[in-house]
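One structure is given here, and the rest of the page talks about it.
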Amino acid sequence: MKKHNYSAGPCILPQSVFEMASKAVLNFNDSDLSLLEISHRSKDFVAVMDRARSLALEHLGLEGKGYQALFLQGGASLQFLMVAYNLLEKKAAYLNTGTWANNALKEAKAFGEVIEVATSKDAGFNYIPKGFSIPTDVDYFHCTSNNTIVGTQLKSFPTTQVPMVCDMSSDIFSRVIDFSMFDLIYAGAQKNMGPAGTTLVVIKEEMLGKVTRYIPSMLNYKIQIEKESMYNTPAVFPVYVSMLTLEWLKDNGGIAAIEKINNKKAALVYAEIDNNELFKGFVANKEDRSTMNATFNLVDESMKDTFEGLVKEAGINGLNGHRSVGGYRASMYNALPLESVQVLVDVMQHLKSKG
Ligand SMILES: *Cc1c(COP(=O)(O)O)cnc(C)c1O
């Protein structure tokens, strides 16, 4: 039987996507060839890349607004430096809300002055700093929309005159946002869009060409745009599966429809964390809680084995917290059904009845 998969990434994808992807590995578009053995320059694959790029812009409501979507390699982690390589001439401002945000900030320092506008490091990143100000003389402001490891999420974004860059790796396509407030968005595919191996970058073209340094071709957004995301051989399988997932999202009503389900899933699990005295949430302020990654601990560590036994018995996978924080983390990405969340809540209640 299929597991209830709470894996934080790589993570659950729609079952129908797994089936279509398997089929394409054996016989792609009835060509009697595998998707994996054809040229990325073939008509059939170019159509996949074009479709994936246009679906991404369509979901984000950014078609015809001067944006380009790219599917690059190197993960979100390569974007930490690629953003700075392409956009940072003198100074940039970063909001430091977690391990990933901190890594982004660290990489940018190699390219110019980096101002940390605020951080929640003092409390293990368990809240979102508010009321900070963003300098107006910076090349861009960088933030991380969802902090996958600790489970906090920016519910609103600052208004600023400077260009805004956002790492949306773990909540892209999960909630309605006015995406046009961002000048660059990036997201590793493996959290909410596809398998590991490709990274979506959505960029407002007018942002480019402003820095004076030489940018190596592979790391140059302008060149990647000119080459239509095929400067070199793209990650054909991850791009194809991302395309299938974006089609699935469209068939299911798009971001607005999935957001409603995501809110229900989050409400269900957080209600149990709050009402079941055996558990406590990790995030300090309720308003900062992520709808994607709910983090919690057992109040009494001696119940660990009993709880984890019940979790396993129920067919739940991937509930362990990130190795840096421990505890539990329920990652509830788009493809995780509401029923899986009910199974987890039932297990948490079952533990209470035993305790
Ligand atoms: C997982 C994650 C990353 C790192 O992604 P890679 O593709 O493994 O480099 C970066 N940022 C956020 C918010 C993440 O959740």
Side-chain angles (χ1 to χ4, degrees), residues 4-9 11-17 56 58-61 97-98 126-128 130 143-158 166-182 185 187 190-194 245-276 279-296 316 318-319 321 328-349:
H4 302 287
N5 189 8
Y6 283 91
S7 176
C11 72
I12 186 170
L13 294 173
Q15 193 60 22
S16 60
V17 166
E58 187 185 327
H59 279 304
L60 301 175
T97 50
N126 77 347
Y127 69 100
I128 298 287
K130 312 214 172 64
C143 58
T144 310
S145 55
N146 184 66
N147 302 287
T148 330
I149 294 175
V150 290
T152 61
Q153 189 174 36
L154 266 69
K155 302 297 173 177
S156 63
F157 293 86
C166 191
D167 175 359
M168 293 195 189
S169 291
S170 51
D171 69 350
I172 194 158
F173 305 121
S174 73
R175 55 175 171 157
V176 175
I177 298 175
D178 174 10
F179 293 97
S180 70
M181 75 176 119
F182 302 98
I185 296 166
Q190 71 275 17
K191 308 272 167 53
N192 218 11
M193 184 174 58
T245 310
L246 294 173
E247 293 282 15
W248 168 86
L249 181 59
K250 191 174 151 104
D251 292 343
N252 285 279
I255 297 179
I258 208 87
E259 179 180 30
K260 290 205 183 90
I261 304 169
N262 289 337
N263 287 341
K264 271 190 202 159
K265 291 187 289 185
L268 191 58
V269 82
Y270 284 121
E272 190 59 30
I273 291 170
D274 290 340
N275 298 330
N276 187 329
F279 297 96
K280 55 175 190 292
F282 181 75
V283 175
N285 308 318
K286 287 187 183 174
E287 78 263 18
D288 296 337
R289 284 171 163 178
S290 167
T291 51
M292 294 279 99
N293 315 93
T295 49
F296 57 96
I316 291 171
L319 197 68
Y328 303 99
R329 170 173 53 172
S331 296
M332 301 172 285
Y333 299 119
N334 284 353
L336 184 86
L338 184 62
E339 298 76 63
S340 288
V341 181
Q342 190 59 54
V343 170
L344 172 61
V345 165
D346 289 347
V347 166
M348 293 165 82
Q349 286 173 359

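- Considering only residues two or more places apart in sequence or on other chains, T144 meets the side-chain hydrogen bond (donor to acceptor under 3.5 Å, both in side chains) condition with none of them.
- Partners of K155 according to the side-chain hydrogen bond (donor to acceptor under 3.5 Å, both in side chains) rule, which considers only residues two or more places apart in sequence or in another chain, are Q153.
- Taking the side chain to side chain contact (heavy atoms under 4.5 Å, CB included) definition, one finds that N262 meets it with S174, I258, K265, M292, N334, sequence neighbours left out.
- K130 NZ: more than 12 foreign heavy atoms inside a 6.0 Å radius.
- A search for ring-ring contact (aromatic ring centres under 6.0 Å, His included) contacts involving F296 returns F279, Y328, not counting sequence neighbours.
- In terms of the side-chain hydrogen bond (donor to acceptor under 3.5 Å, both in side chains) criterion, T295 has no residue partners (sequence neighbours excluded).
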Step-by-step side chain to side chain contact (heavy atoms under 4.5 Å, CB included) determination, S7 to Y333: CA-CA 9 Å; S7 176; Y333 299 119; over 6 Å; no

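- Under the ring-ring contact (aromatic ring centres under 6.0 Å, His included) criterion, F173 pairs with H59, sequence neighbours left out.
- Take N276 and apply the side-chain hydrogen bond (donor to acceptor under 3.5 Å, both in side chains) test, not counting sequence neighbours, and it matches E272.
- Take R329 and apply the salt bridge (Lys or Arg N to Asp or Glu O under 4.0 Å) test, not counting sequence neighbours, and it matches no residue.
- Taking E259 as the reference, nothing meets the salt bridge (Lys or Arg N to Asp or Glu O under 4.0 Å) condition, with sequence neighbours excluded.
- Atoms CG and CG, from L13 and L336 in turn, are 11.5 Å apart once rounded to the nearest 0.5 Å.
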Do any side-chain atoms of residues 339-346 form donor-acceptor pairs under 3.5 angstrom with protein atoms, and if so which ones, sequence neighbours left out?
| from | atom 1 | to | atom 2 | distance (Å) |
| --- | --- | --- | --- | --- |
| S340 | OG | H4 | ND1 | 2.8 |
| Q342 | NE2 | D346 | OD1 | 3.0 |

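- Closest non-hydrogen pair, F182 versus I177, comes out as CE1-CG2, 3.9 Å.
- Considering all non-hydrogen atoms of both residues, W248 and S16 come closest at CD1-OG, 3.8 Å.
- For K280, there are no salt bridge (Lys or Arg N to Asp or Glu O under 4.0 Å) partners two or more places apart in sequence or in a different chain.
- In the model, N146 has a side-chain atom that pairs as donor or acceptor with a side-chain atom of S170 under 3.5 Å.
- With sequence neighbours left out, N275 forms a side chain to side chain contact (heavy atoms under 4.5 Å, CB included) with A271.
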